[in-house]
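The structure under discussion appears below in the form of structure tokens.
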Amino acid sequence: SNPSKDQVAELRAIEKTRMRVGGVGLRAEVQGLIVRLTSSGVSIQSDDPREAQTKVLWDKGLGRELGYDSFEAYLATIPDIPEDLRASSERFPELVLVDARPGLVKTCKLLGVSYSGDDRTFANFDPKKAKVEKVYWIRAQDGRKNSGKIVSVCRQQFTEDELGLTVIEGLALFAQNPKGLRNRAMDLPGSVGRGGRGYTTCPCLSWFHRRPELFWSCGEDDDPRYGSASRRV
């Protein structure tokens, strides 16, 4: 849809405020946005999920944040999808590209997720099973199958081939399917507060209000709108 008059007016107000204090206008940033969104086409009609999902992250600004000046340059850094993840899975229906290179704070900002912590707020719940790669593919489920289950129970019931999603993996899933989070929340039991690995608390990504939010959850809420997301090992 076209920008609303309110949005255009807000951009003009921001530009006037900047220039009043000696800053520059928004022309370069707006042009950069246009270039980013039209790089390799406004949208990709492709049967290749590697190309399509990379374009989603490119459009959100991750590639530019990492210093790449074109979609093709960013795509060249994305690994091929492992053959064992290509086949559809009833338990883990979502194929998801994870790019952890920008870090948690910048990723939240680029995806429009409200977050008040920093890049060191969370750590891996099980460091021995943590991914060492910065860019990788996963097969995941978004937590709806665990609706109403508290996090500690889900962690105990995960099978040997299953791990809770980490914060960055939850954001990656949200990037590819933001509508799937509307009016619900994903507990992300693969992460825990740094220094609090022995507790049941975990991060939670929700969208109950006007914008999505990443926050600290007690993990013991049996609200049916909440559920632990996980991936295949």
Side-chain angles (χ1 to χ4, degrees), residues 56 85 88-98 100 103-105 107-131 136-233:
V56 169
L85 296 184
S88 60
S89 169
E90 184 176 348
R91 290 177 60 211
F92 305 104
E94 304 281 355
L95 176 66
V96 182
L97 169 61
V98 182
L104 181 55
V105 172
T107 298
C108 284
K109 183 177 180 180
L110 293 170
L111 297 183
V113 174
S114 176
Y115 173 57
S116 60
D118 58 36
D119 284 342
R120 291 182 54 80
T121 296
F122 299 110
N124 287 293
F125 178 73
D126 189 344
K128 294 180 180 179
K129 295 182 179 180
K131 283 280 191 180
Y136 55 95
W137 293 88
I138 60 173
R139 271 279 172 193
Q141 60 83 23
D142 66 5
R144 274 180 273 204
K145 75 171 188 178
N146 291 318
S147 295
K149 291 184 180 179
I150 63 176
V151 170
S152 58
V153 169
C154 289
R155 282 173 173 156
Q156 292 171 2
Q157 293 181 345
F158 284 156
T159 57
E160 291 186 0
D161 66 342
E162 183 177 17
L163 284 174
L165 285 196
T166 64
V167 175
I168 206 70
E169 291 166 351
L171 289 168
L173 177 54
F174 169 71
Q176 299 299 331
N177 184 21
K179 291 182 179 179
L181 195 65
R182 284 284 192 179
N183 300 314
R184 57 178 298 268
M186 285 194 297
D187 287 321
L188 302 170
S191 292
V192 69
R194 190 171 298 277
R197 192 164 287 112
Y199 300 98
T200 60
T201 50
C202 77
C204 184
L205 183 60
S206 72
W207 196 347
F208 292 131
H209 306 294
R210 296 184 64 182
R211 65 180 297 184
E213 178 183 10
L214 177 64
F215 63 96
W216 185 254
S217 169
C218 68
E220 296 300 307
D221 193 339
D222 59 1
D223 188 322
R225 298 175 300 173
Y226 289 69
S228 291
S230 62
R231 67 171 175 86
R232 199 179 83 189
V233 175

> Measuring from N146:CG to M186:CE, what's the distance to the nearest 0.5 Å?
Replying inline: 12.5 Å
>> Distance check, rounded to the nearest 0.5 Å: T121 atom OG1 versus Y115 atom OH?
In response: 3.0 Å
> Among pairs that include at least one residue of residues 143-173, which meet ring pair (Phe, Tyr, Trp, His ring centres under 6.0 Å), considering only residues two or more places apart or in two chains?
Replying inline: none
>> My understanding is that only residues two or more places apart in sequence, or in another chain, count here; which of them pass salt bridge (Lys or Arg N to Asp or Glu O under 4.0 Å) with R184?
In response: D142
> For R139 and L95, which heavy atoms make the closest approach, and how far apart are they?
Replying inline: NH1-N, 3.8 Å
> What heavy-atom pair brings P212 and G112 nearest, and what distance separates the two atoms?
Replying inline: CG-O, 3.5 Å
>> If the condition is side-chain contact (heavy atoms from CB on, under 4.5 Å), which residues does S114 pass it with, not counting sequence neighbours?
In response: R211, E213
> Once you round to the nearest 0.5 Å, how far does CG of L214 lie from CG of L188?
Replying inline: 7.0 Å
> Tell me the salt bridge (Lys or Arg N to Asp or Glu O under 4.0 Å) pairs involving residues 163-182, sequence neighbours left out?
Replying inline: E169-R231
>> Holding to side-chain hydrogen bond (donor to acceptor under 3.5 Å, both in side chains), I want the full list of residues that pass it with Q141, two or more places apart in sequence or in another chain.
In response: S230
> Mind checking what makes salt bridge (Lys or Arg N to Asp or Glu O under 4.0 Å) contact with D223, not counting sequence neighbours?
Replying inline: R225
>> If the condition is salt bridge (Lys or Arg N to Asp or Glu O under 4.0 Å), which residues does R91 pass it with, not counting sequence neighbours?
In response: D161, E162
> Excluding sequence neighbours, so at least two apart, what forms ring pair (Phe, Tyr, Trp, His ring centres under 6.0 Å) with Y226?
Replying inline: F208
> Just by distance, do the side chain of D118 and the backbone of R120 share a donor-acceptor pair under 3.5 Å?
Replying inline: yes
>> Using the side-chain hydrogen bond (donor to acceptor under 3.5 Å, both in side chains) criterion, which residues pair with S206? Sequence neighbours excluded.
In response: none
> Who are the side-chain contact (heavy atoms from CB on, under 4.5 Å) partners of L97, not counting sequence neighbours?
Replying inline: Q53, T54, L57, I78, V135, W137
> Sequence neighbours excluded, which residues qualify as ring pair (Phe, Tyr, Trp, His ring centres under 6.0 Å) partners of W207?
Replying inline: F174
>> side chain to side chain contact (heavy atoms under 4.5 Å, CB included), that's the test. Do S152 and R155 meet it? Break it down for me.
In response: CA-CA 5 Å; S152 58; R155 282 173 173 156; 5.8 Å; no
>> If you compare all heavy atoms of F92 against all heavy atoms of S89, which two are closest, and at what distance to 0.1 Å?
In response: N-OG, 3.1 Å
> Counting heavy atoms not belonging to K131, are there more than 12 under 6.0 Å from its NZ?
Replying inline: yes
>> By the definition side chain to side chain contact (heavy atoms under 4.5 Å, CB included), identify the one residue from C204, C202, C108, S191 that meets it with V167.
In response: S191
> How many angstroms lie between CZ in R194 and CG in N124, if you round to the nearest 0.5 Å?
Replying inline: 8.5 Å
>> Let me confirm one number: the CG-OG1 distance from D126 to T166, rounded to the nearest 0.5 Å.
In response: 12.5 Å
> Where is the tightest heavy-atom contact between I168 and L104, given as atom of each residue plus distance?
Replying inline: CD1-CA, 4.4 Å
>> Run the side-chain contact (heavy atoms from CB on, under 4.5 Å) test against V233 and tell me which residues pass, sequence neighbours left out.
In response: L163
>> Can you tell me how far apart CD1 (I138) and CG (L85) are? Round to the nearest 0.5 Å.
In response: 9.0 Å
